[in-house]
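See below for the structure under consideration.
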Amino acid sequence: MRSTKAIIHLENFRHNIKAIRSFTKNGVKMCVPVKADAYGHGSLECARAALECGVEFLAVATMDEGLELRENGIKAPILLFSLCDPEEVADAVENNITPFVFDREYIDLFAEEARRQKKTAYPVHLAVDTGMGRIGCFPEEAADLARYIAETKSLVQEGTMTHFALSDEKSSSSIEYTKQQFQKFQEAIKNIRDAGYNPGICHCANSAASLDLPETHLDMIRPGIIVYGYDAGDVNSQYLKEKGTPIELKPVMTLCTKVSSIREFKKGMSVGYGRTWIAERDTKIAVLPIGYGDGFVRRFSTSGIQVAINGRAYPICGRICMDQCMVDLGPETDVRRWDNVVLFGSKADGAVMTAEDIADKTKTISYEITTVLTRRVPRIFTGRS
Ligand SMILES: *Cc1c(COP(=O)(O)O)cnc(C)c1O
């Protein structure tokens with residue numbers, strides 16, 4: 001097997017889920033999103049590990065992701081967070097994938113297909129847009145759509161959801177916006193009830209709200225990034241400690257490789273495409289077999305990222321290529337060919353940077369760092385129970 005691989009610590013994944021559970025009241029359900037291959041960690045293994053921890057719902061973004069779980073024997077309810085195509089509705093209904101609905105045309109598609117397949121109470125969740133500006137009906141339409149779902153006879157409103165846009169930001173205007181979103185959601189739920197319909201399982205809390213806003217837990221939480229071991233924006237470990245509700249999240253992924261070659265460079269020699277890096281002294285350069293074809297993206301080249309070799313930090317030099325990148329070891333180095341390299345991950349694996357550190361340096365979020373790793377990087381699972 002290639003030396004470039006992502007180690008997936010399922011024991012850390014289960015630890016995170018249990019730690020998050022301690023933030024919820026008894027009876028609050030948990031939905032774990034395994035969309036985008038579980039944020040790059042491997043959806044099937046993460047789905048299985050989540051279900052072992054008693055998680056009630058899984059979530060995906062595409063029908064293919066849902067079918068992969070079903071084809072591998074996952075029986076738990078699966079929510080479809082994004083919309084599918086009309087051509088995918090038959091497969092969805094056949095495989096019990098639960099859609100978010102919020103307009104009559106899309107409700108009709110599922111209602112007709114459920115009838116065709118002789119299903120009488122096919123579950124759907126009504127999505128309400130309280131300010132995310134993505135999918136969902138406007139709050140004032142919720143009760144009318146609840147009636148429309150009930151009148152199909154083939155569908156049943158198993159749940160009602162909304163999604164926060166700013167719950168991971170702690171400026172006073174962001175806090176205010178999240179409050180307003182939650183209030184609109186509660187009004188929509190009340191309108192559904194007042195009209196005589198059952199909103200079912202009500203859910204809105206993403207990672208940040210799961211840890212920071214217990215009043216938003218309602219019947220179910222949907223924490224994503226924190227189950228994979230990263231902070232939810234401003235709702236980070238320092239903030240939660242100061243608030244008196246500490247949590248220890250453990251990064252699930254460690255990305256590693258091996259030094260494939262060490263080469264002696266003279267002062268003035270250059271490294272890589274564009275000759276962006278020139279040796280200012282005689283030095284040794286390590287070649288690593290990882291590049292943007294693996295998802296270690298080219299944008300990282302000039303961001304001050306350091307990789308760990310034998311517990312010490314070394315800078316990337318020159319542009320990251322498709323399949324390789326180079327590291328300046330300095331003139332006096334004890335690094336040997338084939339030594340292990342940790343690009344990011346758990347400190348317990350010897351990492352000097354986490355995916356979060358890389359995200360901070362490259363002006364993105366940890367979600368993107370792990371999600372963009374490509375299929376070429378084998379995921380190696382440890383800590384299966
Ligand atoms: C991805 C997603 C989540 C999880 O978000 P995190 O920020 O990772 O906690 C929850 N709900 C919906 C609808 C999502 O799309």
Side-chain angles (χ1 to χ4, degrees), residues 13 16-17 19-21 23-24 28-41 43 46-47 50 55-63 65-66 77-84 97-102 124-137 158-170 174 177-178 181-182 185 188 201-214 216-237 239-240 247 249 251-253 355-356 359 364-372:
F13 183 73
N16 295 335
I17 290 176
I20 297 159
R21 274 277 197 216
F23 279 65
T24 62
V28 174
K29 293 180 169 43
M30 189 158 167
C31 168
V32 167
V34 292
K35 58 193 184 185
D37 205 24
Y39 295 40
H41 294 68
S43 69
C46 288
V55 160
E56 291 86 352
F57 278 76
L58 300 168
V60 296
T62 68
M63 270 302 302
E65 291 174 348
I78 299 175
L79 297 180
L80 184 62
F81 274 179
S82 301
L83 305 192
C84 67
I97 310 285
T98 308
F100 286 176
V101 301
F102 57 91
V124 300
H125 288 218
L126 179 64
V128 185
D129 179 8
T130 57
M132 171 66 186
R134 195 166 65 181
I135 62 171
C137 64
E158 183 193 56
T160 303
M161 66 79 63
T162 195
H163 194 49
F164 295 128
L166 283 174
S167 55
D168 59 349
E169 290 182 19
K170 294 279 94 184
S174 299
Y177 192 83
T178 304
Q181 277 199 270
F182 186 55
F185 185 49
I201 302 163
C202 297
H203 51 108
C204 58
N206 56 5
S207 287
S210 294
L211 298 183
D212 193 30
L213 305 170
T216 66
H217 290 182
L218 303 179
D219 304 317
M220 181 161 80
I221 60 172
R222 305 189 307 263
I225 195 67
I226 55 177
V227 303
Y228 301 103
Y230 304 104
D231 289 339
D234 294 347
V235 180
N236 56 32
S237 53
Y239 167 87
L240 288 163
I247 186 169
L249 296 172
V252 176
M253 179 188 288
E356 220 148 14
T364 183
I365 49 178
S366 55
Y367 302 61
E368 196 186 18
I369 306 293
T370 60
T371 301
V372 301

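Atoms within a ligand are numbered from 1 in the order they appear, just like the ligands themselves.
At a threshold of 4.5 Å between non-hydrogen side-chain atoms, the residues I221 and M30 count as touching.
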Quick check for students: name every N or O atom pair between ligand 1 and the protein closer than 3.5 Å, with distances.
{"residue": "ligand 1", "atom": "7 (O)", "partner": "Y367", "partner atom": "OH", "Å": "2.6"}
{"residue": "ligand 1", "atom": "8 (O)", "partner": "Y39", "partner atom": "OH", "Å": "2.6"}
{"residue": "ligand 1", "atom": "8 (O)", "partner": "I225", "partner atom": "N", "Å": "2.8"}
{"residue": "ligand 1", "atom": "9 (O)", "partner": "S207", "partner atom": "N", "Å": "2.8"}
{"residue": "ligand 1", "atom": "9 (O)", "partner": "S207", "partner atom": "OG", "Å": "2.5"}
{"residue": "ligand 1", "atom": "9 (O)", "partner": "G224", "partner atom": "N", "Å": "2.9"}
{"residue": "ligand 1", "atom": "11 (N)", "partner": "H163", "partner atom": "ND1", "Å": "3.4"}
{"residue": "ligand 1", "atom": "11 (N)", "partner": "R222", "partner atom": "NE", "Å": "2.8"}
{"residue": "ligand 1", "atom": "11 (N)", "partner": "R222", "partner atom": "NH2", "Å": "3.3"}
{"residue": "ligand 1", "atom": "15 (O)", "partner": "K35", "partner atom": "NZ", "Å": "2.7"}
{"residue": "ligand 1", "atom": "15 (O)", "partner": "R134", "partner atom": "NH2", "Å": "3.4"}

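Partners of R222 under the salt bridge (Lys or Arg N to Asp or Glu O under 4.0 Å) rule, at least two apart in sequence or in another chain, do not exist in this structure. With sequence neighbours excluded, the residues that form a side-chain hydrogen bond (donor to acceptor under 3.5 Å, both in side chains) with S167 are N206. Legend: residues meeting side-chain hydrogen bond (donor to acceptor under 3.5 Å, both in side chains) with T160, ordered by chain and number and at least two apart, are Q157.
Here the OG1-CG distance, from T162 to D129, works out to 6.5 Å after rounding to the nearest 0.5 Å. Atoms NE2 and CZ, from H125 and F102 in turn, are 15.0 Å apart once rounded to the nearest 0.5 Å.
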